[in-house]
A.B. asks: 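First, the structure itself, so that you have it in front of you.
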Amino acid sequence: MASGAQNDYERRRLENIRRNSEMMASLLLQRKAADLSASLKRPSSKTPKPSPDRKKSRPSPQPPIVIRRSLRTRGLPPDQSPHPEPSDVAPSPPASDVAAARRGPLLAREVFFQGPGSSDLGFKDVILGASGRPSSDLGKEGGPFDPRSSLVLRPENVGKVLSERILTVKFFPFGDRTVIAVGNKLGHVGFWDVDYGEGDGDGVYVYAPHSAPVSGISIHPFSPTKVFTCGYDGFIRLMDIGKETFNMIYSSDAPIYSICPQPNDNNYLYLGEGSGELKMWDQRVGKVSSSWDLHEQRINTIDFHPENSNLVATSSTDGMACIWDLRSIKNDRPESLKNVQHRRAVHSAYFSPSGSFLATTSIDDSVGILGGNNFDDLTLIRHNNQTGRWLSSFRAIWGWDDSYLFLGNMRRAVDVISIKEKTTTPLESEHMTSIPCRFAAHSCKRGSLACATAGGKIYLWTGS
DNA sequence: GTAGCTCTTAGTCGT
DNA sequence: ACGACTCCAGAGCTAC
């Protein structure tokens, strides 16, 4: 790299640091002023300008009072009132407040935010239409595949799907149509129908089912009309796209940081809750039926071994990534089959497609690759994972075989790690104008890689 | 164990 | 191109 670019980078960094210290000083003043005015029982003069997408993002310890009644509870037919415009600043409570207040069933339209022509009617048709067709292993056939030379980012595959920072991104398992789901820190869940084509809007549909960051989305490969979402608000909601509902199926006082379906059985959902608890939710009884205290701090990811669904990998802020055998975890003294000790928080631990490797990502600036006969060999690859305050942490994911890992690069690139060569190659594009943080690889389209950013954008790289 | 403090630093929009 | 604005997350440390 030219030293000019390096200097420019350094200059920007220092400038940001200086600006932040000024910001903090002014924040301190604002807070003191607010405290003073509160003590004088006068409203603060600092009122933020109204914006449709700036709702409260912090979970309140007490759920707010229900101030909006659904059409259903008022005994009205569902198509009685039109959808509000996204820019509508009417005094009715925002969709996110509805989600925060309601612990029971929600109609999807009650938490609907925006879509083409301010309607989400088309979205149901997209999903039902696509899920009816086979989602076979399209694109998996063919010869050797090197993503470093095969992936391209077309300008039409850049989408602004949400406002604010994205924490989770997933593909629907369709072979014929590309649909992506994302969750952000405001509690919004957005869907991008990439093949939307001509018409009103851009194929983006947004709902607000949570009142705090959406930490996980799970779309089971066998029933893609059912979308599970979890959040820091302690709720797990099940969106049934066919029934157009967004029901709460589990609630906790503690934040939920991760979810994962059991791969061979649709009835079980695993969740990481609070300070290190792994729980198993059983659909048939509608509640948590097993619980293990596995970590000292939050569990950031849960991932099942692709061949042996008794094996599960967890990553935790306590610095450990572990492989567990679900048949033999004792709750009083859980013992992992294998673990990787990082020096700082571990943000992901994912099994490779064949199950031969486990890849871990830690903010100690390393990516761990656990392999060998019995996961006995650990290779650490240096990687800058200092994402700072505004970005979601990096998590290395596997592509379509055991050859490559993908993760974010602070220089607005996708880093591709070759397992065999132990090299890191950045993928760059003029269309990628922000840093990709969270990734998803399409389960049946080789080369389709979705990258989500802190500004709510998605970059969809595709195989050329 | 936990409250409190410190440190990090990107994206968007308007000019 | 550049400056103003957003802003309170998450981790790690220290003191109690």
Side-chain angles (χ1 to χ4, degrees), chain A residues 4-5 8-35 44 46-61 158-168 183-187 212-215 231-233 254-255 257-258 272 274-276 293 295-301 315-320 342-348 361-366 384-395 408-413 431-438 451-459:
Chain A
D8 188 53
Y9 178 73
E10 184 65 12
R11 190 185 55 77
R12 263 180 86 126
R13 198 180 72 87
L14 292 172
E15 182 67 10
N16 275 330
I17 293 167
R18 185 189 60 76
R19 213 172 283 144
N20 190 52
S21 60
E22 286 174 3
M23 181 195 82
M24 289 313 289
S26 83
L27 267 179
L28 198 63
L29 280 176
Q30 281 181 28
R31 182 166 298 176
K32 280 184 175 165
D35 289 348
S44 166
K46 295 272 181 200
T47 39
K49 65 173 190 290
S51 154
D53 219 359
R54 264 188 56 78
K55 318 292 177 192
K56 74 180 180 58
S57 58
R58 266 178 298 176
S60 46
V158 177
K160 171 83 171 173
V161 180
L162 293 173
S163 65
E164 279 294 351
R165 200 178 99 227
I166 290 172
L167 285 83
T168 180
N184 75 357
K185 78 164 199 176
L186 300 177
V214 180
S215 48
Y232 290 13
D233 57 6
Y257 294 110
S258 41
S275 301
D293 198 4
H295 286 276
E296 296 295 314
Q297 291 176 66
R298 55 189 257 184
I299 295 173
N300 293 308
T301 60
S315 65
S316 169
T317 295
D318 68 10
M320 297 287 268
H342 280 273
R343 291 192 309 279
R344 293 176 69 189
V346 191
H347 275 276
S348 65
T361 309
S362 167
I363 60 163
D364 70 2
D365 279 346
S366 67
N384 175 21
N385 296 328
Q386 302 305 305
T387 50
R389 174 187 184 178
W390 314 109
L391 271 61
S392 296
S393 55
F394 290 159
R395 295 175 172 179
N409 174 317
M410 290 299 281
R411 309 292 287 268
R412 299 192 176 97
H431 307 302
M432 202 158 70
T433 53
S434 46
I435 296 167
C437 301
R438 293 286 161 96
C451 316
T453 74
K457 277 186 193 157
I458 298 179
Y459 302 111

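Just the heavy atoms: all of them, side chains too, but no hydrogens, waters or symmetry mates, feed the values below. Convention: sequence-line order gives letters A, B, ...; per-chain numbering from 1.
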A.B. asks: Taking for each residue the nucleotide of DNA chain B bearing the nearest heavy atom, is the 5' side occupied by A/Lys160 or by A/Thr387?
C.D. replies: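 The residue closer to the strand's 5' end, by nearest nucleotide, is A/Thr387.
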A.B. asks: So, taking the atom named NE2 in A/His295 and the one named CE in A/Met320, what distance separates them when rounded to the nearest 0.5 Å?
C.D. replies: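 These two atoms lie 7.5 Å from each other.
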A.B. asks: Given C/dG10, is OP1 or OP2 found less than 4.0 Å from the side-chain N or O atoms of A/Tyr257?
C.D. replies: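 Looking at the OP1 and OP2 atoms of C/dG10, neither is under 4.0 Å from any side-chain N or O of A/Tyr257.
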A.B. asks: Can you see if the side chain of A/Lys185 gets near the phosphate of B/dG11 - specifically, an N or O under 4.0 Å from OP1 or OP2?
C.D. replies: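 Checking A/Lys185 against B/dG11: no side-chain N or O falls below 4.0 Å of OP1 or OP2.
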A.B. asks: Whether A/Arg412 contacts B/dG11 is assessed here as follows: a side-chain N or O lying under 4.0 Å from the phosphate OP1 or OP2. Is that the case?
C.D. replies: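 Answer yes for this pair, as a side-chain N or O of A/Arg412 is under 4.0 Å from OP1 or OP2.
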A.B. asks: From the options B/dT12, C/dA9, C/dA11, select the nucleotide whose nearest atom is closest to the side chain of A/Ile363.
C.D. replies: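 So the nucleotide nearest the side chain must be C/dA11.
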A.B. asks: Check A/Ser393, A/Ser392, A/Ser348 against A/Arg438 for a side-chain hydrogen bond (donor to acceptor under 3.5 Å, both in side chains) and give me the one that passes.
C.D. replies: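 By the side-chain hydrogen bond (donor to acceptor under 3.5 Å, both in side chains) criterion, A/Arg438 pairs with just one of A/Ser393, A/Ser392, A/Ser348: A/Ser393.
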A.B. asks: Which part of the nucleic acid, if any, lies within contact of A/Thr453, taking any heavy atom under 4.0 Å across all strands shown: a base, the sugar-phosphate backbone alone, or nothing?
C.D. replies: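 Here A/Thr453 touches no strand at all.
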A.B. asks: Is A/Glu296 atom CD crowded by more than 12 heavy atoms from other residues, nucleotides or ligands, each under 6.0 Å away?
C.D. replies: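 Open: at most 12 neighbouring heavy atoms sit under 6.0 Å from CD of A/Glu296.
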A.B. asks: Rounding to an integer number of Å, can you tell me how far A/Asn385 CG sits from B/dT8 C1'?
C.D. replies: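 Those two atoms, CG and C1', are 14 Å apart.
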A.B. asks: Mind calculating the distance between CD (A/Gln297) and P (B/dG1) to the nearest angstrom?
C.D. replies: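 The distance from CD of A/Gln297 to P of B/dG1 comes to 11 Å, rounded to the nearest Å.
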A.B. asks: Is there a side-chain polar atom (N or O) of A/Arg165 under 4.0 Å from OP1 or OP2 of C/dC8?
C.D. replies: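 No, A/Arg165 has no side-chain N/O under 4.0 Å of OP1/OP2 on C/dC8.
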A.B. asks: To the nearest angstrom, how far is A/Leu167 atom CG from C/dA9 atom C1'?
C.D. replies: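 These atoms are roughly 10 Å apart.
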A.B. asks: Within this structure, what is the CZ-to-P distance between A/Arg395 and C/dG10, rounded to whole angstrom?
C.D. replies: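 These atoms are roughly 11 Å apart.
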A.B. asks: Under 4.0 Å between a side-chain N/O of A/His347 and OP1 or OP2 of C/dA11, yes or no?
C.D. replies: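 The answer is yes; a side-chain N or O of A/His347 sits under 4.0 Å from OP1 or OP2.
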A.B. asks: Does the pair A/Asn385 and A/Ser362 meet the rule for a side-chain hydrogen bond (donor to acceptor under 3.5 Å, both in side chains), with working shown?
C.D. replies: CA-CA 7 Å; A/Asn385 296 328; A/Ser362 167; over 6 Å; no
A.B. asks: Would you say a side-chain N or O of A/Arg344 is under 4.0 Å from OP1 or OP2 of C/dG12?
C.D. replies: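 A/Arg344 to C/dG12 OP1/OP2: side-chain N or O found under 4.0 Å.
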A.B. asks: Using whole Å, report how far CG of A/Asp318 lies from C1' of C/dG12.
C.D. replies: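 Those two atoms, CG and C1', are 14 Å apart.
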A.B. asks: Rounded to whole angstrom units, what separation is found between the CH2 atom of A/Trp390 and the P atom of B/dT8?
C.D. replies: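 A/Trp390 atom CH2 is separated from B/dT8 atom P by 14 Å.
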